[in-house]
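To start, the structure itself, in C-alpha cells.
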Amino acid sequence: MIRITRRAALAGAVAGLAAPSLARAQNLTKTSVGVLRLSSSGPVFIAAERGYWREAGLDVELKYFTAAQQVPVAVTSGDADFGVTGLTAAFFNLAGKGALKIVAAQSREEKGFELNAYMATNAAIEKGFRSIRDFPGKRLGITTAGSTFHYALGLIARKYGFDPASVTLVPLQTLPNMQAAFKGGQVDAVIVPVTLARALEADKAGKILAWVGDETPWQLGALFTSPRAISEKRDLVERFIRGYLRGAADFNAAFNQRDAAGKEVRGTNFAETIGVVARAVQQSPELVTIGLPFVDAQGRLDVGDIYNQIAFWQQAGLVARDVNGKDIVDLSFVRGHMNVPRS
Amino acid sequence: MPVRGAALVAFVGLVAFWEFAVARGYVSPIFLPAPSSVLLALGELWNAGTLWRHVSESLVRLAGGWTVGTGCGLAAGFAIGVWSLGRAVGVPFVSALFPIPKISLLPLLILWLGIGEASKIATIALGVFFPTAIATYAAIDAVPRNLIRMAQSFDLPAADVLRKVVLPGALPGILAGFRISTSIALILLVSAEMIGAQYGIGAFILQAGNLMLTDQLLAGVLLISILGLALGTALTRIERRLLRWR
Amino acid sequence: MELVCEGISHRYGALEVLDGIDLTVRAGECLALLGPSGCGKSTLLGIMGGILKPSAGRVSVAGNPPAGSLNPITYIFQDFALLPWRTVEGNVALALEHRNLAAGELRARVGEALARTNLTEFSTAFPRQLSGGMRQRVGIARALAVDPAILLMDEPLSALDAQTRDLLMEDFLKLWLATRTTSVYVTHNLHEAIRLADRICVLSRRPGRIKEIVAVDLPQADRAMPVAARAMAELGERLWDAIRAEAQVAEREIADG
C-alpha cells in the first residue's frame, strides 16, 4: 500500500518537473489566456490540447474564470495576457480606457445556429405576444444591463424599428433567477441560452419566438489582449493568434459544417474534437453538441457590428461617449475582416 | 473634542493622498478612480435627476423591510424570552435558520413573491428578523431576575411586569440589536435589488459593477455609507433619549 | 399581623436547606433571623413571603392587615432592586400604580414615603445618581408607601459600607419605632440584630434549623445608652458563642447555592 502511494507520488513529482524542463529545453515563451468553460472558447481548448501553441513556441497557461466580466478585468490587471469571451458593455468601458484591444474573433451568432432564444411566457402569448415585433411595452428579463442578452434586444429593435427604451428591462443577475421569474410569469419574455430555452419549453413555461442568430447575426465574442502587449511583444501576440486560429479552423471544420440544404453535418474529427471541448467545459459530449456556436475559421471579425455595439451601449447611456471603435479593434493581425467601416 | 477632530483629519488626509496618488499616476484610474471622479459621478447622477429616485426607492425598501423584520423579530424574541414553550420551539428554529445566506433564497423568494417590491422587502426583512429576535431574547435574559422578583413581590400583574420591568430592562440590548439590524438591512439592500430593480442604490451599484464603471460603483458605495452614517447617528440620538437613565 | 411557620423544610434537589422550622413572628415585633451565610435564612424569608413554596410545612398569617395596607407582606431587598430607568419617585410609584388609586392618593403616598425617608429633594433623581445608602432609602420608601402589615428584610444593609450602615440603621429604627410594623430582619451581622430586634432567632448551618431564640429585653430606644453597653456586650458574646463554630465552618465552605 505504502509502496504504491510512494511510487505514485514519485511519478507525480517527475511529471511536475518534466513540464517546465521541457519548456525550457524547447525555449518556449510563457503566456496565459483567460477563458470561461464554455464551448464558444473551443478554439482555445483545441489549440492547447493539440499543441498548436507549443509549435508556435509558446507555453500557454489557461486561466479559468466563471463570469464574462472577469476575463477583461484579468487582462486589464495583468493576471492574463490574453482573453477570450463575449463582448459586453463592461468590456467596452474597460477597453475605452485604453486597457484592451480586440485582435481576432471568437464566436458569432449566425443563421441556423440556435444558441440564444427570444422566449415569451404562455400568459404573454395569450395576450397577443406573437412575435418579436411585439416587444414594445413588454417586460423583458435579462441578466444585467450591458450583457449580451441586452444587446440581443438592441439588435431586433434596430431591425424592426422600435425604440429599445420602450421595453422594460428587468435585471435578474443570474440565469436561475431569470428561470424563476419566467416560470412565475413576472416577466413577459426572456432572452436565454439554448439549454435553458429547451428546459423552459419542456416545462411548458413558454415558447421560443425566435433565435438570435436567425434574426441578426452579430459578433458575440472576441480574442483580446492589452495594447501594451501589442506594442512591446508583438511577436508573441502574433504567435499566440497563429495557434488560436488553428484551433478556430479545427473547430469550424468539425462543428460548423452545413450541407447544401443548410442542415447540420458532422465535420472533420467531430467525435474527437467534441471530446476535447467536453473535457474542458466539464460537460457531457451530448450536452456540448446541443449548444455549439459558430466560429469563423480565420478568426475574422464582424467589425461593423462591434461599432454598432458601441453605438448601442452609448445610446443606452451604459458606455462613455468618448469610446471609439477604432481605438479598440486592431485589425492588423487577421486578414479579411468583414464589414469594416470606411473612415 | 480633539479625538473627534483627529478622525476627521485622518479621513481628509486619506482622501487627499488618494486623489494625489491617482492624479500623479501612481494608481491607474481603471483600478481606483480618484475621489474627484467619484464625486463627479455623483454629480452626474444628480444632474440626470435620478439620484433622488435611487435613494428614495431604496429608502422605501429599507424602511419596509426593516420594519417588518424588526416587528416580527421583536415578537419572536419576546415569545422566546418570556415564554418557555416559545423558547423550546423558537431557539432551535432561529439557530438553524439564522446562518442561511439570505441571498441563496432569492430564486425561491421570486417564485413566492414575484419580482416586485414584496420579494425585495422580504429579503431585507429576513435578514433583519434573526438578529433582532436573538438580540431581543438575549436582552430579556439579561434583565436582572431580582427586579422581576421585586415587581412580583409588590403584586404587579404579569402584563405590568412585562411593560414596566422586562421591556425597559431589555431596551438597551434591543437598541444595540437595532444598530446591527440596520447595518444588515443596508448590506442586504444590494442583494434585494438584484431582483429586477431598475432603481435603487443597490441596483445602481450592481449595474455599475456589471458595467465596470468603477467611479459610479464607488459613488453608490459612498451613498450607502452616508445612509449608514445617518441611520447610525439617528439611532444614537434615539438611544440617548430613551436611555437617559444610564 | 402575625406570621406562623409550621414544620417548614426545603430542599433544592438533593441539597437540604431548611429542616423543620417552627416559628411565629408576633404582631408588632422585629424578629431577626441570624445565621452564617448559606444557612437558608434568605430561603426562609422567601417562603415566609410566599415567593417560594416550601418542600414541606406551611406558612399562615393571623389577623387582618391594617386598613389602607396595599401590599400586606412587603420586601426590602439586599441589592435594593430599584429600576434604573425610573426616578426615585417613579420607583416608589411602581409599587402603587397597579392598585387603581386616585391620582391624588398615589401622589400623596409617594410624597409621604419620600418625606419620611428624607428623599423629597431627590425625587427626580435616577438611582445611578444616588449613593448606596440613598438607594436603600428608596427601597425603604417604596416599602413604606404600600403601608405593609409585615416587612420582610433580606440583609438590607449588607451592601453598604460600615458608616452608611450605622446611619441608615438608626434612621430605619426611628421609622420602625414610629409604626412598629411586624418585621423579619435577615442578617449575618450580630451588631444589627442586637440593635434592632425584639427577638433573635439563631439558625444553624445547612440544613438550617432553629438553634436558639434569644429575646432582647431592653427597649430599642435605650440600647444605645451608655448604661446599656454592658448588657449589650454580654448578649453579643452569648450570641457570638452560639454562631462562632458555625460561622467558622461556613467560612471554609465553597458557596454553592
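Computed from a predicted structure; not experimentally measured. Both backbone and side-chain heavy atoms feed into the values below; hydrogens, waters and symmetry mates do not.
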Against chain A, label B/L109 side chain, backbone, both or neither, depending on which of its atoms sit under 4.5 Å from a heavy atom there. neither
Between B/A48 and chain A, with a heavy-atom cut-off of 4.5 Å, which part of the residue counts as in contact: side chain, backbone, both or neither? neither
Are more than 12 heavy atoms from other residues, nucleotides or ligands located less than 6.0 Å from atom [atom1] of [X]?
X: A/Q315; atom1: CD; value: no
X: A/K138; atom1: NZ; value: yes
X: A/R234; atom1: CZ; value: yes
X: B/F31; atom1: CZ; value: yes
X: A/Y64; atom1: OH; value: yes

Any residue of [range] which, by heavy atoms, sits under 4.5 Å from chain B:
range: residues 71-87 of chain A; value: A/V73, A/T76, A/S77
range: residues 168-176 of chain A; value: A/T168, A/L169, A/V170, A/P171, A/L172, A/Q173
range: residues 186-195 of chain A; value: A/Q186, A/V187

Do you know which of A/V319, A/L318, A/T143, A/I142 has the most heavy-atom pairs under 4.5 Å to chain B? A/L318
Greatest number of heavy atom pairs closer than 4.5 Å to chain B - which of A/G184, A/S147, A/A145: A/A145
Between the OG1 atom in A/T144 and the CD atom in B/Q207, the distance rounded to the nearest 0.5 Å is 8.0 Å
Sort by residue number and list every residue of residues 210-228 of chain B having at least one heavy atom under 4.5 Å from chain A. B/N210, B/L211, B/M212, B/L213, B/T214
